[in-house]
Structures are given as C-alpha cells and as structure tokens.
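To start, the structure itself, in structure tokens.
Numbered from 1 within each chain, the chains take letters A, B, ... in sequence-line order. All values reported here derive from a predicted model rather than from experimental measurement.
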Amino acid sequence: MLTFTIRRLLLAVPTLLFISLVIFLLLKLAPNDPMAQVPLTVPPEVKEKMREALGLGAPIHVQYYKWLVQMFWIEPQVLIDHMTGSTFAEGKLRVISWQTRSPVMDIVVQRIPQTLWVVGMAYLVGVLIAIPIGIYSAYKQYSIFDQIGTFISMIGYSVPPFFSGVLMIVIFSVLLGWFPSIYDTTLVVDSWESFGKQLKQMIMPVMVLALQTTAQISRFMRASMLDNLNQDYVRTARAKGLSEQVVVMVHVLRNSMIPVVTVIALGVPAIFGGAIITEQVFKVNGIGQLLIPAIQANDLPMVQTLTFMFAILIVLFNLIADIMYGILDPRIRYD
Amino acid sequence: MTDSAQPSSAPHSQWWDVWRQFKSHRGAMISAVIFLIILFAVMFGEALWPFDATLIDIPARNQGPSWVHPLGTDQLGRDTLARMIRGGQISIAVGLTAMLLALFLGTLVGVSAGYFRRLDGILMRLTDLFLALPLLPLLLVMVMLFREPLSAAFGTETGIFILMVSAIGITSWMPTARIVRGDVLALKEREFILSARSIGTTPFKMILRHILPNVLSPIMVSATLGIANAIITESALSFLGLGFPPDFPTWGRLLFDATDFLQLYPERVIWPGLAISLTVLSVNYIGDGLRDALDPRIRGR
C-alpha cells in the first residue's frame with residue numbers, strides 16, 4: 001500500500017508540472033500587452049523599463065522558472081511565516097496582481113472561505129441526499145420511485161446551473177420574496193437572528209450546486225447497488241437467514257460504496273468549476289468571482305494563479321480517489 | 001432459440017433491431033420528437049416568422065407576451081421569438097460542430113492508442129493529463145486571449161464561432177478517446193481481425209473497414225453526450241459574458257442579457273433557459289435510449 005501511494009504521489013508531480021507549463025504557455029503566447037493601458041505620453045524606453053520590471057524582458061524558460069520558484073518556494077515560505085512568525089520570505093518577490101498591486105495569494109486567501117463554505121456545504125448536502133435515493137431506487141428497480149428518481153436526475157444533469165440558479169431567484173426572491181438573491185459575505189454570525197439570515201442566503205446557492213451533485217452521485221450509487229444486488233454473496237447472506245435490512249444496508253452497501261466513494265472524491269474539482277458560475281449568479285465573492293473580473297481586466301498573474309489552483313485541486317482529489325480506491329479494494333493494489 | 005422449426009419473424013438487419021429497441025424506450029422516443037421539433041423550428045423558423053432578430057423597434061420595447069410578439073420584446077423592442085430562433089441556430093450549430101471536432105479527435109486518439117501498441121502509453125498519458133486540466137477556467141482564458149486576433153482575422157461572427165468550436169472541441173475529446181481505445185483493444189483480439197491481417201490488409205484499411213464500423217456504437221453514444229456538453233459549455237461562456245458579442249444572440253447570451261432585468265421582467269429569463277434545458281434534456285434522453293438500443297446484451301430482452 002505504501003509503494004502504491006508513493007508511486008501515485010510521484011506521478012502527480014509531472015502532471016502538475018505539465019499543467020503549469022500549459023497554463024503558462026497559453027498565457028505567454030497570448031497576443032496582448034500588459035502595457036497597453038499605459039498612457040501614450042510615456043516614452044517607449046520608459047515603457048521598456050516597466051516591462052522589464054514586470055519580468056517580461058527575460059526569455060520564456062527563465063520566466064517559467066521564476067514563476068515556479070515564486071509559486072512553489074516563496075509562497076509556501078510566506079505561509080510558514082504566517083503560521084509560525086518566522087521570516088523566511090522577507091524581502092522576496094511574491095506573485096503580484098496587476099490589478100491591485102498586492103500579492104495574489106493574499107487576495108485568494110481572503111476569498112477562499114466563502115467558496116469553501118458554499119461549495120463544501122452544497123457537496124455535503126448533495127451527497128447526503130444522493131446516497132439514500134440511489135440505494136432505494138436500486139432496491140426497488142423500475143418502481144415509480146425509481147422512475148421519478150431517474151427523471152429528476154436527468155433534469156439535474158441537463159439544467160445548467162446558470163438557469164436553475166436564475167430560475168430559483170425568479171421564484172424565491174422575485175415572486176415569493178423568501179430568500180435574498182445576493183449573498184452577503186459581510187454578515188457576521190453572532191446571534192440566532194444572524195444565523196437565520198446566513199441560512200436563508202445559503203439555501204439557494206447550496207441547492208443549485210447540490211442538484212447537480214445529487215443527480216450524478218445517485219445514478220452512480222444506483223448502478224453500483226444494482227451490480228452488487230445480483231451477486232452470489234448476496235444470495236448466500238439471504239440464505240443464511242440474515243434480515244433484509246442487514247443484507248442490503250451492511251453487505252451490499254459496503255461493497256457498492258467502493259466505486260461511489262471515488263466518484264465522490266473525483267467530483268470535488270468539478271463542483272469547484274461549477275461554483276464559478278453559481279458564484280456569478282448569486283454574487284458570492286469567492287474565488288470564482290475573482291477569476292472573471294481578473295480575466296476581463298487582463299490580470300495575468302491572478303488568472304495564472306487561480307487556474308493553477310484549480311489544477312492543484314483536480315490533481316489532489318484524483319490522488320485522494322486513487323488512494324482511497326486502493327485502501328477500499330485490495331485488488332487495485334497491483335504492486 | 002429452442003424452437004428452431006418455426007422462425008419467429010422475418011430476417012432483418014442489425015439496424016432494424018436497434019431501431020425496434022430504441023422505439024421501446026419511451027423517454028427516448030419523446031425526446032427524439034422534441035429534439036426534431038426544436039431543430040426544425042430553429043432551421044426554418046426564420047423563414048416562417050415575419051420579424052427579424054436584429055430589427056430595433058423602440059416604441060414596442062419591453063412588451064409582455066401578446067399576439068404580435070408571443071414571447072414579448074426586449075429593451076430595444078426586438079422580438080424575443082425571432083431572437084430565440086437566431087440564438088438557437090448559433091447555439092445548436094456550435095454544439096454540433098464542436099461535438100464533431102471532439103468526436104474526430106477522440107476517435108483518432110482512441111483508435112491510434114488501441115491499435116498501435118507503441119502509441120498507447122504516450123497517448124493515454126496525454127489523455128490523463130488533459131483530463132487533469134481545469135477546463136472551465138482554461139476555456140475562459142482561451143476565449144479571452146484569442147477572441148481579438150480571431151475576430152480580426154475572420155470577422156467577428158466567424159472568428160468567435162471558430163474560437164468557440166475549437167476551444168470546446170479541444171477540451172472535450174478525452175472521454176470518447178478512452179471508450180474507443182477500450183473497445184479497439186477488445187476488438188483486436190477477435191478472429192476476424194486476425195483473418196483480415198492474414199490476407200495482408202494494411203493497418204489503414206484495417207482501421208477503416210474493420211475497426212471503425214465496430215466501434216460506431218460507443219461513438220454514437222458519446223456524440224449525443226458531446227452535443228449536450230457543447231451546448232451547455234457554450235451557454236456557460238456566453239452567460240459569463242465571454243461568448244458571442246451581443247449582436248449575435250445565442251441562448252446563453254439571451255439568458256445573460258435577461259438577468260439584468262430579473263426584477264422587472266422575470267419571465268424573460270425563462271425562454272432561453274427553457275430552450276437550453278429542453279434541448280440538453282432531450283439529447284441526453286436520446287443518448288440513454290441509444291445506449292440501450294446499441295447494447296446487444298440488452299437488445300435481446
């Protein structure tokens with residue numbers, strides 16, 4: 001198991017390097033000039049100096065190397081400094097946003113809690129709804145419940161979040177006036193009243209994201225349960241007189257959870273991607289909301305860092321899924 | 001099977017079997033009809049409907065549904081139904097073309113990886129790497145970076161169309177490649193491939209004559225899923241304001257424009273959203289029915 005884990009970890013490093021190179025080259029090959037908005041009265045030689053100050057004069061591989069150093073060496077040092085009060089990173093050049101002229105990571109750290117809070121909650125809710133639905137529709141295959149479940153999950157697949165979100169705003173904010181349509185991140189939860197407010201403003205974004213999650217995971221759960229329900233060991237369990245509840249909820253469920261758990265882990269990065277749209281709809285100021293204006297304002301360091309963070313999330317959760325599969329299913333550990 | 005003296009029905013081709021199984025999937029049949037209606041409305045609607053999508057008629061702005069404008073008008077008095085038809089043309093055209101590109105790339109990679117052992121390792125690593133890319137952020141970045149040069153080179157509409165189609169196609173071929181590779185690997189072990197090779201069929205002919213026809217069914221299923229995915233992606237990009245410019249309405253763009261008037265005219269977001277959802281839903285159901293119909297293990301039942 002240890003060698004399996006180590007091998008997977010080692011494989012993640014070149015993957016991350018490749019992705020960082022793709023993102024870097026994509027942004028470098030782009031035919032736009034960060035000096036385009038500098039007034040025309042600034043003489044060309046001064047512009048050239050400004051360009052050099054931004055590190056744009058150096059050859060591409062030097063720029064890439066410097067960016068890697070900033071991303072993987074200096075930023076972790078800043079993190080360590082922040083936690084322990086040491087001074088490793090003092091005076092070193094960090095990744096600076098061209099919009100705000102402050103370190104990109106500082107802004108990202110401010111935005112991450114909102115995203116995690118909404119996205120994490122949505123994923124949890126989605127999974128908690130999906131698993132019982134999947135179990136029951138597999139157990140009663142082709143029943144009315146199963147048919148309705150299939151239809152609803154088809155809708156969950158097909159209705160994009162930018163429509164389901166807007167539709168929810170129309171129904172629950174505009175027509176009924178139950179929930180606010182804009183997520184207020186300045187709200188401090190310190191009393192029951194503000195807790196209620198927080199709950200109210202979270203319901204809609206969470207439900208929109210959860211609908212998608214539920215649709216996918218309940219399908220997987222159903223398929224996986226169906227695979228297992230016809231196996232010989234289930235007949236054996238029934239034959240030795242175990243109650244139906246024990247057979248389904250212990251024997252079958254345990255074995256069906258193996259692929260589902262990995263699907264749950266693999267779905268986490270996708271839901272972060274989906275959160276970009278949901279955050280835009282509900283005006284949650286998370287990292288998705290940070291990305292869109294940064295793209296429109298041509299803030300390359302910010303875009304680069306954020307895209308790369310999404311990539312890290314994907315690689316990380318792929319790794320988690322792989323390792324979990326190895327732990328849960330001994331047949332996978334082919335070492 | 002047991003009663004061989006009495007043939008149950010006249011002999012028929014494989015595709016007739018597929019069609020019969022497809023017909024028995026009620027959801028897929030209904031969806032196929034709905035999808036054809038949408039396709040028909042979008043293709044011929046412009047000729048049948050008197051209003052032009054770009055005709056500005058300020059006195060008639062912000063109207064609700066009426067007999068003249070069944071879906072109302074927008075803030076410049078343009079007829080919403082006409083804009084929906086025009087938007088559908090672009091959305092569905094992007095969806096179909098991007099799907100074809102993704103299918104082409106996916107089949108190319110899948111067949112090469114499955115058939116030529118030497119390419120397998122490197123191509124599948126490449127597929128894994130592409131699967132690990134953060135697609136939506138990358139799409140946004142690609143659109144931002146290449147929209148200006150492409151619209152300068154090919155004109156606004158064609159430029160953005162090319163950009164959208166290639167961006168979506170390049171980022172969505174991976175599932176097809178994986179499925180096709182798996183099937184090709186299994187096919188390669190079959191006797192008819194061996195016999196074809198023994199009479200000296202060249203690899204190119206082999207792939208064209210013997211491999212491709214046999215991996216058609218997974219390709220068709222991923223084609224339907226590809227259309228759904230491409231339409232949603234295009235609408236998502238338009239919704240984020242990074243798709244087609246406002247003069248070229250797509251369903252996503254119409255939805256994006258309508259959200260500005262959410263408080264005043266909430267009904268305006270419904271139409272484009274409904275069109276996207278209905279199209280994607282019907283395509284997904286067709287894919288579901290096709291998967292069942294093309295699977296010989298299910299077809300017998």
Checklist entry - Taking it one step at a time, do A:Thr15 and B:Asp128 satisfy side-chain contact (heavy atoms from CB on, under 4.5 Å)? => result CA-CA 9 Å; A:Thr15 312; B:Asp128 287 348; over 6 Å; no
Next on the checklist: Assess the residue pair A:Phe310 and B:Leu138 against the criterion (side-chain contact (heavy atoms from CB on, under 4.5 Å)); give the C-alpha distance rounded to whole Å, side-chain angles, the decisive distance to 0.1 Å, and a yes or no.
Outcome noted: CA-CA 10 Å; A:Phe310 280 110; B:Leu138 268 189; over 6 Å; no
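Heavy atoms of A:Phe151 lying under 4.5 Å from chain B belong to its backbone as well as its side chain. When heavy atoms are compared at a cutoff of 4.5 Å, B:Leu242 approaches chain A solely by way of its side chain, counted from C-beta outward. In this structure, the portion of A:Phe18 lying under 4.5 Å from any heavy atom of chain B is its side chain and not its backbone. Using a 4.5 Å cut-off between heavy atoms, B:Phe256 makes no contact with chain A at all. For B:Asp288, the part sitting under 4.5 Å from any heavy atom of chain A is the side chain, from C-beta outward, and nothing else. Within the 4.5 angstrom heavy-atom criterion, only side-chain atoms of B:Leu255, from C-beta onward, approach chain A. Only the side chain of A:Leu291 comes within contact range of chain B, with heavy atoms under 4.5 Å apart. Both the backbone and the side chain of A:Val159 come within less than 4.5 Å of a heavy atom in chain B. Of the atoms belonging to B:Ser282, not a single heavy atom falls under 4.5 Å from chain A. With a 4.5 Å cut-off on non-hydrogen atoms, A:Ile155 touches chain B through its backbone and its side chain both.
Nearest heavy-atom pair, B:Ser277 versus A:Phe163, reported as atom, atom and distance to 0.1 Å: OG-CD2, 3.2 Å. Among all heavy-atom pairs drawn from B:Ile232 and A:Tyr157, the shortest one is CD1-O, 4.2 Å.
Considering CD1 of A:Ile276 and CG of B:Leu240, their distance stands at 7.5 Å, rounded to 0.5 Å. Atom CG in B:Leu140 sits 11.0 Å away from atom CG in A:Leu306 (nearest 0.5 Å). The structure places CD1 of A:Ile19 at 10.5 Å from CZ of B:Phe130, a figure rounded to the nearest 0.5 Å. With rounding to the nearest 0.5 angstrom, the CG atom of B:Leu136 is 5.0 Å from the CD1 atom of A:Ile277.
Residue with the most contacts toward chain B among A:Pro14, A:Ala311, A:Ser173, A:Gly288: A:Ala311 (heavy-atom pairs, distance under 4.5 Å). Top candidate by heavy-atom pairs under 4.5 Å with chain B, chosen from A:Leu167, A:Thr307, A:Leu313, is A:Thr307. Options B:Ala132, B:Gly252, B:Pro272 differ in how many heavy-atom pairs under 4.5 Å they form with chain A, and the most are formed by B:Ala132.
Residue-environment remark: CD1 (B:Ile122) stays at or below the threshold of 12 foreign heavy atoms within 6.0 Å. By the 6.0 Å contact criterion, CZ on A:Phe179 is enclosed, its count of non-hydrogen atoms from other residues, nucleotides or ligands being greater than 12. Taking a 6.0 Å sphere around CG of A:Leu10, one finds it holds more than 12 heavy atoms contributed by other residues, nucleotides or ligands.
Put simply, the side chain of A:Pro160 does not reach to within 4.5 Å of the side chain of B:Ser235, judged on heavy atoms.
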